[in-house]
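Contents: one structure, followed by commentary.
Note on naming: letters A, B, ... go to the chains in the order of the sequence lines (proteins, then strands), and numbering restarts at 1 for each one. Source: prediction; values computed, not measured.
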2 protein chains.
Amino acid sequence: MNSDTSSAEQAGQKTPGRPRQFDRDAALAAAMRVFWVHGYAGASIATLIDAMGISRATLYASFGDKEHLFRHVMDLYEREKTAYMLDALDQPTARRVAEHLLRGTLDLQTDTATPKGSMGIVHSVSYAPGDERIHEFVTERGRFWRAKLLERFEQAARDGDFPATYDPHGLAMLLKSATDGLLVAASSGVSEQDLDKVVSTFLKMWPGR
Amino acid sequence: MNSDTSSAEQAGQKTPGRPRQFDRDAALAAAMRVFWVHGYAGASIATLIDAMGISRATLYASFGDKEHLFRHVMDLYEREKTAYMLDALDQPTARRVAEHLLRGTLDLQTDTATPKGSMGIVHSVSYAPGDERIHEFVTERGRFWRAKLLERFEQAARDGDFPATYDPHGLAMLLKSATDGLLVAASSGVSEQDLDKVVSTFLKMWPGR
DNA sequence: CCTATTATGGAACGATCGGTATAGCAACTT
DNA sequence: AAGTTGCTATACCGATCGTTCCATAATAGG
């Protein structure tokens with residue numbers, strides 16, 4: 001019933017029963033790639049267990065059903081793939097925030113170990129009937145980041161990082177849109193060179209410091 | 001076998017047999033909404049015929065299999081939903097091109113009859129195993145528009161629409177990315193008011209005329 | 001050794017997938 | 001009337017869907 005064995009794992013203490021024979025995070029990383037490329041509906045259990053290198057029953061025993069597996073994957077995704085977003089918020093000026101966010105996004109697309117595009121976008125633009133909870137879960141994460149960015153840019157407005165003629169709300173939403181647009185472009189097979197041009201051009205027209 | 005009855009339709013000539021009793025484009029529009037919201041893999045035949053108001057056999061007799069149906073839908077999509085993109089290319093300056101493209105995208109999101117976001121993006125960011133041809137077909141359309149936009153901005157550079165310090169290639173790719181990002185935001189439930197702010201802020205920082 | 005507990009692989013579950021076939025009626029043309 | 005096509009309903013096909021069951025393997029504490 002309970003798939004949460006993390007407490008025993010992190011302590012490294014001896015647990016009764018047969019020990020797990022696979023790397024939990026490595027398996028989740030493999031599942032992440034499948035969800036990333038094919039989407040929740042397009043990622044069948046057969047495809048998942050093939051990529052993860054475990055059997056059907058092991059998947060259900062270790063991670064619960066498909067929805068629970070996806071939530072475990074999202075945890076790993078935010079922990080390993082979107083950490084740079086939090087760093088971006090800590091940058092001293094609005095321009096530096098934009099620069100860090102966009103360069104971080106660019107770096108992620110350069111990493112050959114991860115698929116192109118964004119797993120978040122994949123699950124926010126469409127969802128199969130019955131997968132409404134997955135869609136809602138992911139879009140909520142999008143709302144979270146938009147709120148964080150808005151909050152940061154309201155501070156930037158108070159700091160005078162950009163002319164008062166610019167709306168911090170507009171700049172925040174535009175930055176998020178530019179980031180998402182960059183990720184869509186990456187999904188569409190746009191070259192790294194062109195993606196870099198998008199970022200540098202955007203930063204060139206960005207107002208203020 | 002042959003689902004192409006358009007030649008008889010457009011001529012209005014008398015054909016033997018019972019005439020079609022449903023509106024072909026209306027049925028395709030209903031199918032378009034299903035593909036748009038749920039994606040190709042998430043749009044089951046049962047869901048499609050339910051939305052289109054026709055029977056299973058009629059769907060196959062009239063449109064061919066699922067892939068053919070999708071291609072018919074894409075025809076309608078480009079004919080009715082993306083016509084403003086061609087208009088945008090005809091605008092006299094680079095700024096006007098950007099303005100027309102973004103405002104057109106915004107108008108499409110305001111239309112309550114069509115789903116939020118973009119059917120193109122839905123099918124370019126992910127695809128189920130076996131649906132590679134659908135993915136390729138859609139991403140090819142994306143490449144087409146990027147090429148068109150690049151071509152237009154190279155002309156704009158020659159016209160001196162923006163400072164020579166800006167790369168037309170970068171501006172073209174950025175504009176496409178901004179448009180896609182706007183559509184992702186719309187999919188994520190961002191309000192029309194906020195979408196409008198994204199557009200106005202982007203146009204405010206856009207260089208040149 | 002035993003028992004308890006957990007991990008694992010293979011088989012099987014009912015449901016749904018895309019697609020086809022059949023039968024029969026409906027609505028038109030010649 | 002005869003011929004042709006449109007459409008619905010139903011049943012069916014093999015394949016795949018997500019999920020569960022079960023026997024077995026591998027460890028722990030006793």
query: Taking the six-membered ring where the residue is Trp, are the ring centres of A/Y84 and A/H100 under 6.0 Å apart?
result: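 No.
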query: Would you call the rings of B/H38 and A/Y127 parallel, tilted or perpendicular, where under 30° means parallel and over 60° means perpendicular?
result: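 Rings of B/H38 and A/Y127: perpendicular, as their planes differ by over 60°.
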In this structure, how many angstroms lie between the [atom2] atom of [N] and the [atom1] atom of [X], rounded?
X: A/H68; N: D/dT19; atom1: NE2; atom2: P; result: 11 Å
X: A/L48; N: D/dG18; atom1: CG; atom2: C1'; result: 11 Å
X: A/D23; N: C/dA7; atom1: CG; atom2: C1'; result: 15 Å
X: B/I49; N: C/dT16; atom1: CD1; atom2: P; result: 14 Å
X: A/D131; N: D/dC17; atom1: CG; atom2: C1'; result: 12 Å
X: A/R20; N: C/dT5; atom1: CZ; atom2: P; result: 18 Å
X: A/L69; N: D/dT19; atom1: CG; atom2: C1'; result: 14 Å

NA contact type, [X], heavy-atom cut-off 4.0 Å: base, sugar-phosphate, or nothing?
X: B/A128; result: nothing
X: B/A41; result: nothing
X: B/S44; result: sugar-phosphate

- prompt: How far apart are the closest heavy atoms of B/F153 and B/A94, and which atoms are they?
  reply: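 Scanning both residues, the minimum pair turns out to be CZ-O, 4.1 Å.
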- request: Return the minimal non-hydrogen interatomic distance between A/F63 and A/A27, and the atom names on each side.
  value: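 Shortest heavy-atom contact: CZ-CB, 4.5 Å.
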- request: Tell me which nucleotide among D/dC7, D/dC17, C/dT8 gets nearest to the side chain of B/F22.
  value: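 For the B/F22 side chain, the nearest candidate turns out to be D/dC7.
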query: Is the count of non-hydrogen atoms from other residues, nucleotides or ligands lying under 6.0 Å from A/E132 atom CD greater than 12?
result: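 Counting neighbours around CD of A/E132, more than 12 heavy atoms of other residues, nucleotides or ligands fall under 6.0 Å, so yes.
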query: Going 5' to 3' along nucleotides 19-30 of chain C, which nucleotides have protein heavy atoms under 4.0 Å from the base (write B), which only from the sugar-phosphate (write S), and which from neither (write -)?
result: BB-----BBBS-
message: Against B/H123, only a single residue in B/F137, B/Y77, B/F70 fulfils ring pair (Phe, Tyr, Trp, His ring centres under 6.0 Å); can you say which?
response: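 So the option named by the test is B/F70.
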- prompt: Does any N or O in the side chain of B/K116 come within less than 3.5 Å of the main-chain N or O of B/Q109, such that one atom is a donor and the other an acceptor?
  reply: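 Yes; judged by distance alone, with no hydrogens or angles, the pair exists.
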- prompt: Does C/dG9 have OP1 or OP2 sitting under 4.0 Å from an N or O in the side chain of A/T58?
  reply: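 So the side-chain polar atoms of A/T58 do come within 4.0 Å of the phosphate oxygens OP1 or OP2 of C/dG9, strictly under.
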